[in-house]
Amino acid sequence: MLVAALFVFSIFGAQLFWVQGLNASGVSAEALHERLVNNQLIPAMRGRILDADGAVLASSQERLTISVNQRAVCTYGTGKPTCDPATSPVAVSRAASALSPIVKVPVGQLVPLMTGNLIYNVLVKDVNALTWRRVAALGVPGIGVAKDDRSAERSYPQSTTAASLVGFLIDAGKKPGGGIELLENNALAGTPGSETYEQAAGGGAIPDGHTSITPAVPGHDVQLTINSNIQWYAQNALAQEVQKTQALSGTVVVQDVKSGRLLAVASYPTFDPNNVGTATGSLSNTAFTDVFEPGSTQKVITMASALSEGTVTPMTPVVIPSTMHRSDSDFHDAESHGTEYRTVAGALAQSSNMGTMLIGETVSPSVLYGYMRKFGLGARSGSQFPGESPGLVTPSADWNGTQRYTVMFGQGLSVTAIQAAGVYQTIANGGLRMPPTLVQAVADDSGTLIPKPAPAGVRVVSPSVASSLSQMLEGVVSDQGTAPAAQIAGYRVAGKTGTANRTVTVGTGKNAHGVYQGLTASFIGYAPADKPQIVVAVILQRPVKGNAGGVVAAPVFHDVMTYALQELKIPPTGTRAPELRIKLDGPPAADDPTVLRDKQPVAGG
Amino acid sequence: MSQLTATARVAGRPHPQTRAPRRGALRVIRGTVDRPRGGMFAAFCLAVLVSGFLTVLVLNTSMAKGAFVLDDLQGRTGQLADTQESLQHDIDVQSAPAALAQRALRLGMVPSSTAAFLDLSSGKVLGVAKPAVKVPGFTVITSPVPVRPTPKPAPVKPTTTVVHKGAVTTTTVVTTKPNGVVVTTVTTVDAKTHTTTTRTTTTTPVLKPAKPATTPTTTRPIRTPATTR
């Protein structure tokens, strides 16, 4: 008996010696390993995207997936450590009833998810942290948030308003898909953290247990130059006009004249960034990505070149024939007319193609090309917006015979809406082009918004030339011009209509070629004309009901500009527009050398 | 006992010079064990031990309590932060310009059509101040793409066109189903050759904005001098 007892105790002793003496560290490490919850992911909150006034355009919230351990939930309220088939259905039903009002899922849907033998089964997805806290407070066994079931959800409170600018996220919110989300991803994306702690049997952390936390580093906020009120107004006005005219698409650009900051960049059709998967419209902002032949809005560049080079003045007489032959083509104006006697200002006010050609001929192709490039055409604007197009401006050496003339009135070259708006910003700003900016400030580690340095301006034309052009552009908006619809009561407005042939690519592969199909209607202008503050460009692609820029685009310009002037509290200057002589009294003297006239004989006659 | 032995030993080791003359008779004395002092010491040790245990217990309890309080407070902080975040999100959605415009429209408000300012120093009105009038057709567009007006319920009744061309009779039956699918059946009967051909085509509706093929404007080669205004 004694021997047997001693034997048994000696075995215990040996085991004790083994566990406590020889293998102590191994066993304790194993125990710790079992208690440790490793690398519980702490999602990094993505930085917010704010408008110029701090309104939230995009923000992130923590989202969790609540899961259930079906072998544990059936002990709820039974007071037993294991499930009993007799009481399980009642326990599950009680647990489901407790959860249902918090997670807002009917009991009938929860019960099947909670019944069974699975250790992990997803119960509710995408609940916010507050909801999970309330669920956790119930203390239902087996209900938890598993490792990797924490994520950050992006939400866009303004939905479609600024969607095309702000962009969206793809891959379950992990990767930027476009817009500012992509452009400023380095600033916006944070670094996820991780947490390792010792877990008690109940699932909570052991208070003085081993814990190590690598905190998540949240992303930095990005502030845009956009005014979300103007952005909404422009987007809404554009959407209404696109629907009314049955246009294919449209863009509105609102820019601050002095700084070049973009106040609104509307693009329609667009998408709902909260629901990108179902989007059928354009996922990009077409003001940056789409190019089109600008048409008559381009005529100001021709005028600016000739005025800058001193070959014409606004009052230079122009004799505009009914038709003109250049290269291998006959040119004429949109509306046929007999010989007209106009001033240079008049040729612009009435948007005469042939008048513009006569003026443009006074400068060499390379000089004209040089002005186009200085006005910002043929190069990306510097906004670095994802997918931005540089447009297409062929160097003057490669212009064919007709193109030499068509580029003067905006055909045979392509621009983006941002570039087109930039031309008018330049004239409004006394000839100094300010590259457009979209991001105003990026937050540093402490959350303080640090302004981005302003880009340097580019001198394109002299202030006096810009002033002359501005007066000529006021003529366009006069009752004698092409866009009286752009007039704003009480304000002086300058601008230009454009109604251009629209190129589309037809055919595929080798057969792909461009054809003119439909029109591009536009109006670009600024106000107040004598103290310019805001530029608004409206471009509609292929409108069906109505097509002239002065008819379909100018009213949108009027509405957006009126709203922007109120929003930015810009009062009228109270001055009157100077009366510019547009028409000549009669045919000028045949031997007057200053008169611009078609000196080339018309072919065949 | 050792004390006793030691005492005895000391006592039994007289100094050879000084004490020898007074040496008396040796007697056995009873050793005294200091029982009361030993009891005190044990009680003291026990007290120290117990108070030590109690201190550890109190410390542990307060640590655990501290952990619980900390946990509660962290939970409260987190809950308040989450509540704040949730409410802020609601505010962001409610204060979006489109949401405000929709509510304004429902209240019967209209967009202002003119811009006017009051110069407080001179009392002059800058701009044109006119009462805003309701612009027919002004709406708040929430759809990201143009919503084509829903066509009236498509006639399920097929439309039949019969064309006689010489001996050939062509019957075209067009049936538009409610889901927009158009089934066109063209039956050609040639009286001379007595042949009958039937061709049925089914077209599903294109929901995207009109494609270039349906554009009503003419197509011209790109080299033609363009018309612009």
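Hydrogens, waters and symmetry mates play no part in the numbers below; they use all other heavy atoms, side chains included. Letters A, B, ... mirror the listed sequences (proteins, then strands); counts begin at 1.
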Below 4.5 Å from any heavy atom of chain A, which atoms of B:Gln79 appear? Answer side chain, backbone, both or neither.
both

Go through the atoms of B:Ser112 and report whether side chain, backbone, both or neither lie under 4.5 Å from a heavy atom of chain A.
both

Heavy-atom pairs under 4.5 Å with chain B, option from A:Tyr156, A:Trp232, A:Tyr563 with the top count
A:Trp232

Measuring from atom CG of B:Leu126 to atom CD1 of A:Ile570, what distance do you get when rounded to the nearest 0.5 angstrom?
13.0 Å

With only heavy atoms counted, which part of A:Gln235 is less than 4.5 Å from chain B, the side chain, the backbone, both or neither?
neither

Side chain, backbone, both or neither: which part of A:His558 has a non-hydrogen atom closer than 4.5 Å to chain B?
side chain

Kindly list each side-chain donor-acceptor pair under 3.5 angstrom involving residues 38-59 of chain B, sequence neighbours excluded, with atom names and distances?
residue	atom	partner	partner atom	Å
B:Ser51	OG	B:Ala47	O	2.9
B:Ser51	OG	B:Val48	O	2.9
B:Thr55	OG1	B:Ser51	O	2.5

Heavy-atom cut-off 4.5 Å, strictly under: side chain, backbone, both or neither for A:Ala239 against chain B?
both

Might you point out which heavy atoms bring A:Gln243 and B:Pro146 nearest each other, and give the distance in Å?
NE2-CA, 3.4 Å

Where does B:Thr142 contact chain A at under 4.5 Å (heavy atoms): side chain, backbone, both or neither?
backbone

Under a 4.5 Å heavy-atom cut-off, does chain B meet the side chain of A:Ile488, its backbone, both or neither?
neither

Between the side chains of A:Ser155 and B:His89, is a donor N or O closer than 3.5 angstrom to an acceptor N or O?
yes

Can you check side-chain contact (heavy atoms from CB on, under 4.5 Å) on A:Tyr268 and B:Ile141, steps first, answer last?
CA-CA 11 Å; A:Tyr268 191 82; B:Ile141 293 181; 4.1 Å; yes

Side-chain touch B:Phe138/A:Asn236, heavy atoms, less than 4.5 angstrom:
yes

Contact leader toward chain A among B:Asp90, B:Val135, B:Val93, B:Val140, where contacts are heavy-atom pairs under 4.5 Å
B:Val140

What heavy-atom pair brings A:Pro572 and B:Gly127 nearest, and what distance separates the two atoms?
CG-N, 3.1 Å

Identify which part of A:Thr161 has an atom lying under 4.5 Å from any heavy atom of chain B, answering side chain, backbone, both or neither.
side chain

Quick check on the interface: out of A:Ala129, A:Gly490, A:Ala237, A:Ser59, who has the most heavy-atom pairs with chain B under 4.5 Å?
A:Ala129

The single option from A:Asn275, A:Thr278, A:Thr270 passing side-chain contact (heavy atoms from CB on, under 4.5 Å) against B:Pro144
A:Thr270

When every non-hydrogen atom of B:Ala96 is compared with those of A:Gln158, the smallest separation belongs to CB-CG, 3.9 Å

Which one, A:Thr160, A:Leu130, A:Val56, leads in non-hydrogen pairs under 4.5 Å with chain B?
A:Leu130

Correct closest heavy-atom pair for B:Phe117 and A:Lys569 would be CE2-CA, 3.6 Å

Taken to the nearest 0.5 Å, the spacing of A:Arg48 CZ from B:Gln88 CD works out to 7.5 Å

